[in-house]
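First comes the structure, then the notes that go with it.
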Amino acid sequence: MLRETAAFQGERGAFSEEAARRLLGSKVRVKPCPRFEDVFRSLTDKKVRAAVVPIENTLAGSVHENYDHLLNHDLSIVAETSVRIVHNLIAPPGVPFRKIRRVFSHPVALNQCLKFFAANPDVERVPHYDTAGSVKMIMEEGLEDSAGIASALAAENYGGHILKRSIEDDRRNFTRFFLLRRPEFARKHPVKSNSRTRWKTSLVFTTRNTPGALFRSLSAFALRDLNLTKIESRPLRGKPWEYLFYLDFLGHVEDRVSQNALGHLQEVADFWRVLGCYPQGE
């Protein structure tokens, strides 16, 4: 059977590639894309069969752009996983730590390693467009005074040497990723489950701009003891000071109690759409 291809944002060796391997197996083919929009467009245009995107980080918060893309593209969330973000200092082989004067990485990664830079004040922080991309650039240019901060997979992909492992400030640093499919694929290939599977449903809705509208919308779930694991608001384009609400709850969309909750929501919301129903990730 041919291996399928999954799109993700960033260079080979990005944490998104690690997530893709967890979700689709170590032999999955990957299609790196420069922008998140390119990831969603690749799947929408059938250039790939899957896409993997980050949706939130335990330290940096939600990836708001991807919430917007979920609304604008007709794609289904079919799985999720969490990856612990381990930042490693990576340099060309043979370059010792004492020669490092500059460290390149994505600004978020640099800001998650502040204790390392405080302990090494002579090392300059240099923002780069991508974590794995910083290692790729250093290796291609043969920089002997520089290192990148990225995953161990990036070191493996580009032949870099890990000088220091796990230099992040907080070891409880996780990013949650979604696996996306086109709706017709999701319908033809339902996710396998068993009696122990815990399901999660993601949806988006809008409310009328009236007192208590959000309270009445959320009561659809509270009255049925459905546990909300996430709620996120995003500006509603074209309607200043009005908002979309993205919500995750524990339960299968086809369960009777979930159906009753969604029926209740439909009565009080201006718009709602289920984005996906999938097994709860680790």
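Computation of the quantities below employed the complete heavy-atom set of this structure, encompassing side-chain atoms and omitting hydrogens, waters and symmetry-equivalent molecules. Note that the structure is predicted; figures quoted are calculated from it, not measured.
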Next on the checklist: Do His128 and Ser105 pair up side chain to side chain, a donor and an acceptor below 3.5 Å, judged on atom types alone?
Outcome noted: no
| Does the side chain to side chain contact (heavy atoms under 4.5 Å, CB included) test come out yes or no for Leu114 and Phe116, once each step is laid out? | CA-CA 5 Å; Leu114 296 180; Phe116 165 81; over 6 Å; no
Item checked: Distance flag, aromatic centroids of Tyr278 and Phe178, threshold under 6.0 Å -> yes
Output yes when Lys115 and Asp169 qualify as a salt bridge under the 4.0 Å nitrogen-oxygen rule, no when they do not.
-> no
- Single-linkage hydrophobic cluster, 4.5 Å side-chain cutoff, Leu24 and Val83 together: yes
Side-chain ion pair, Lys99 and Glu144, N-O less than 4.0 Å
no
* Asked: Ignoring hydrogens and geometry, is there a side-chain-to-backbone donor-acceptor pair from His106 to Val108 under 3.5 Å?
  -> yes
Notebook entry, point to check: More than 12 foreign heavy atoms under 6.0 Å from CZ of Arg273: is that the case here?
Noted result: yes
In Lys31, Lys47, Lys27, Arg181, the residue satisfying salt bridge (charged side-chain N to carboxylate O under 4.0 Å, His left out) with Glu4 is Arg181
Between Ile149 and Thr131, the two heavy atoms sitting closest are O-CB, 3.5 Å
Donor-acceptor pair, distance only, cut-off 3.5 Å: does the side chain of Thr58 make one with the backbone of Arg172? yes
Taking the six-membered ring for Trp, are Phe249 and Phe221 parallel (under 30°), tilted (30 to 60°) or perpendicular (over 60°)? tilted
**Request:** For the residue pair Glu140 and Tyr158, confirm or rule out a side-chain donor-acceptor distance under 3.5 Å.
**Result:** no
* To do: Inspect the surroundings of CZ in Phe215 and state if more than 12 heavy atoms from other residues, nucleotides or ligands are less than 6.0 Å away.
  => no
Q.
Assess the residue pair Phe245 and Thr206 against the criterion (side chain to side chain contact (heavy atoms under 4.5 Å, CB included)); give the C-alpha distance rounded to whole Å, side-chain angles, the decisive distance to 0.1 Å, and a yes or no.
A. CA-CA 6 Å; Phe245 296 95; Thr206 62; 6.0 Å; no
* Go through Leu70 and Leu75 one step at a time and tell me if the side chain to side chain contact (heavy atoms under 4.5 Å, CB included) criterion holds. => CA-CA 7 Å; Leu70 285 172; Leu75 301 173; 5.8 Å; no
Heavy-atom nearest pair, Arg208 first then Ala269, reads NH1-N, 4.4 Å
Keeping the roles fixed (side chain from Thr207, backbone from Leu214), state whether a donor-acceptor pair exists under 3.5 Å.
no
Salt bridge check: are Asp38 and Arg35 linked by an N-O gap of less than 4.0 Å?
yes
**Asked** Given the rule that I, L, V, M, F, W and Y join up when any side-chain heavy atoms are under 4.5 Å apart, are Ile85 and Leu23 in one cluster?
**Response** yes
Exercise. Salt bridge check: are Arg102 and Glu124 linked by an N-O gap of less than 4.0 Å?
Worked result: no
Check: Is the backbone of Ile90 close enough, under 3.5 Å, to the side chain of Asn88 for a donor and an acceptor to pair up by distance?
Finding: no
Just checking, is any N or O donor in the side chain of Ser166 or Glu168 under 3.5 Å from an acceptor N or O on the other one? yes
Open item on the list: Set out, in order, the CA-CA distance, both residues' side-chain angles and the distance that settles salt bridge (charged side-chain N to carboxylate O under 4.0 Å, His left out) for Lys188 and Glu184, then state yes or no.
Closed with: CA-CA 6 Å; Lys188 292 179 181 178; Glu184 63 273 17; over 6 Å; no
- More than 12 heavy atoms of other residues, nucleotides or ligands under 6.0 Å from CZ of Arg84: is that the case? yes
**Message:** Would Arg234 pass as a cation-pi partner of Tyr67, given that its NZ or CZ must be under 6.0 Å from the six-membered ring centre and within 45 degrees of the axis?
**Reply:** no
Applied to residues 253-267, the side chain to side chain donor-acceptor pair (under 3.5 Å) test, sequence neighbours excluded, yields Arg224-His264
Problem - Asp170 side chain vs Leu59 backbone, donor-acceptor pair below 3.5 Å - result: no
Note: with side-chain heavy atoms under 4.5 Å as the link, the other cluster members for Phe104 come out as Val126, Met137, Ile138, Leu143
Passes side chain to side chain contact (heavy atoms under 4.5 Å, CB included), Asp270 versus Phe205? Steps please.
CA-CA 7 Å; Asp270 281 347; Phe205 67 92; over 6 Å; no
Checklist entry - Is the backbone N or O of Val95 less than 3.5 Å from a side-chain atom of Arg98, with the two atoms forming a donor-acceptor pair by type? => result no
**Asked** Is there a donor-acceptor contact under 3.5 Å from the side chain of Ser151 to the main chain of Gly13?
**Response** yes
Indicate yes or no: does Asp248 engage Arg176 in a salt bridge with an N to O separation below 4.0 Å. yes
* Single-linkage hydrophobic cluster, 4.5 Å side-chain cutoff, Val86 and Leu153 together -> no
